There are 2 protein chains.
Amino acid sequence: MTGIDDVARALGVSTATVSRALRGLPGVSAATRGKVLAKAEELGYVASSSAAHLASGRTMAMGVLLPLIDRWYFSSALEGVDRALRAAGYDMVVFSLGGTGLNRDRVFHRSMLRKRIDALLVMCMELTPEELAALQQLDYPNVTIGGYVDGLRNVSIDDGGAATDAMEYLIGLGHTRIAHVRGGGEYGIEFAVPQQREEAYRAALERHGLEARPQWLITGEFRFLESKLAAARLFDQPGERPTAVFASSDEMAFGVLVAAQERGIRVPEELSVIGIDDHEFAEPIGLTTVRQSPEDQGSYAAELLLGELQGAPRLATPPFQPHELIIRRSTAPPPSS
Amino acid sequence: MTGIDDVARALGVSTATVSRALRGLPGVSAATRGKVLAKAEELGYVASSSAAHLASGRTMAMGVLLPLIDRWYFSSALEGVDRALRAAGYDMVVFSLGGTGLNRDRVFHRSMLRKRIDALLVMCMELTPEELAALQQLDYPNVTIGGYVDGLRNVSIDDGGAATDAMEYLIGLGHTRIAHVRGGGEYGIEFAVPQQREEAYRAALERHGLEARPQWLITGEFRFLESKLAAARLFDQPGERPTAVFASSDEMAFGVLVAAQERGIRVPEELSVIGIDDHEFAEPIGLTTVRQSPEDQGSYAAELLLGELQGAPRLATPPFQPHELIIRRSTAPPPSS
DNA sequence: GTGAAAGCGCTAACAT
DNA sequence: ATGTTAGCGCTTTCAC
């Protein structure tokens, strides 16, 4: 594998010159720089990141810690992170917990500590006090995406605000019997988010003098299947049915939609459904939702860290990322009873 | 940050002993090893991967190159790769093209060449001859997942076989008017897969003396929305309608389902729909499909490479990964006309 | 079973 | 503008 000496020797210059030229540092004549670039290209030379790290202290890589990859929010956010890192010439190393609580300490006590990265993005994780301590001890620049961890900065939408927007919209349409499908805190995935949204649900009901019926608060684990099952149980309850369902995510809203459809409950005539996310499937299905962009949140968070690595002042409180109500066909005024 | 010397000094042993003890190498007494392990734990010492790489030649990291993260197959396969790597103590560095053709050469000529990884997994990519050459020149052990690249080994299901199973099932039910939604080769994503499935579709029709109508072969780009639009056009064509649709992926089958539903076409009474994948949503929706497990394919591929890095003989032709017909509610015999 | 020391391939400080 | 050189923090011979 061709090294910096090969390039230097081929040109009769020193390795320092090659290093400087390749990294665009000052102190190299245009002519020399040109020759170096050409020769490096010709020989297919690229610096070894390990050697560069050892010598410079920078790995040019960033880590992402997440509970699971294969979930809409996570993979979208990962895409955004990668986009920002790619543009900055950084590599992305991904630490997934794989959806289980196992391996957690392995990740915390081996991988992340291997000094492979310059900064760390923590995605939607609920950390134990020990893990938080371990993380802070590493003292990488870090930031959380889509999850509040005490003592860490967070990049996300205003979850309470987004949920409030959804509720106010339903209430504004005239709904008074509103159910809520909340997400769950499985696998140590973030729990502050579903909780904040639930609180906004309750607060909206209360603000408008509406009844919060315990049996209308159901749990969907942030998943389609679980939500469909929970919605089925909701619809099959004796007595009055809600005229609207506010789901804490689009995937869960899809579950509600399918459960309703299987029972012949017409949407939106008999039942309004609203979600949060603007998942790829939401538009084709006609789901009203509150849009957020995990991809933008990911790239914003990555850029934040990238900037700080380059000496930008530390931003103590990242601003809320935007959310927006998107009205489609799944919501309408309640049936005039 | 605590280094190997700190541990050695604290114990009054040499760095060589610490290194050996920590890596489980022979030539260390049980007593010494115990002390070293305890002290390392106490000091929170973990070897720097860069320094270890430089000295040993091994990075203990594997790269994954893919066109996009945020897509069912990709993120599931990534999860599987990560699972296998995690178990082996390897880290995963992800190179995404981000769904565009841009940055391709950046990835090929910078990131991947940085000697950050010991082996490379290439996921569902169509490579230019130059890229293939670049890749082979790197001479990382490598393997492809879910995409055939000339000259590289591939881990995937038997795509032709899977498509044949789907078609034979529909034909066995009595269908004679069968449409096909094929995937597309956008963004330089693999194109052999949709093509092989399409060929199996054609071959099955021909084998049974059924007509292949060009207007019944539509393209869904492996996406829900595009597939729904294409299916809508299909259903709105004048003349006879197909009684069954074979979609090359579940997400595209969902599009067909929604397009049918919007037109009041009853499934499965008037229209049977079958997909490939067994996407998370397939079961709750009742979609008949041919199951594959990208996660298992990912971990199989990773383990293959991991084994070879440890000296296992090179497997020239990885076996096909399993697929299985899963019959649900979206298929039935055609309406008796 | 253990230690000393020579690198691994770069970068950065210091010379020139 | 360019060269020299001392590390960066490990692993791995080679001695003992």
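Per chain, numbering begins at 1; letters A, B, ... match sequence-line order. Bear in mind the structure is a predicted one, so any value in this text is a computation, not a measurement.
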R86(A) (side chain) donor-acceptor with S96(B) (main chain) under 3.5 angstrom: yes
Structure string for DNA chain D in dot-bracket form, Watson-Crick and G-U at under 3.5 Å, | interchain: ||||||||||||||||
Run the salt bridge (Lys or Arg N to Asp or Glu O under 4.0 Å) test against [X] and tell me which residues pass, sequence neighbours left out.
X: R9(A); result: D6(A)
X: E41(B); result: none
X: R83(B); result: E295(B), D296(B)

Checking [X] now: which residues fulfil side chain to side chain contact (heavy atoms under 4.5 Å, CB included) with it, not counting sequence neighbours?
X: E131(A); result: R104(A), F108(A), L127(A), T128(A)
X: S75(B); result: I69(A), D70(A), S75(A)
X: V46(A); result: L113(B), R114(B)

B/S/- contact track for nucleotides 8-16 of chain D, protein heavy atom under 4.0 Å: BBBBBB---
Qualifying side-chain hydrogen bond (donor to acceptor under 3.5 Å, both in side chains) pairs, either residue in residues 310-322 of chain A, two or more places apart: none
Summary of side-chain hydrogen bond (donor to acceptor under 3.5 Å, both in side chains) pairs that have at least one residue in residues 132-147 of chain B, sequence neighbours excluded: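 Passing the test, one end in residues 132-147 of chain B: no pairs.
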Where chain A begins and ends its contact with DNA chain C, read 5' to 3' at 4.0 Å from heavy atoms: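 Span of nucleotides near chain A: dG9(C) to dA13(C).
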Sequence neighbours excluded - salt bridge (charged side-chain N to carboxylate O under 4.0 Å, His left out) pairs with any residue from residues 12-21 of chain A: none
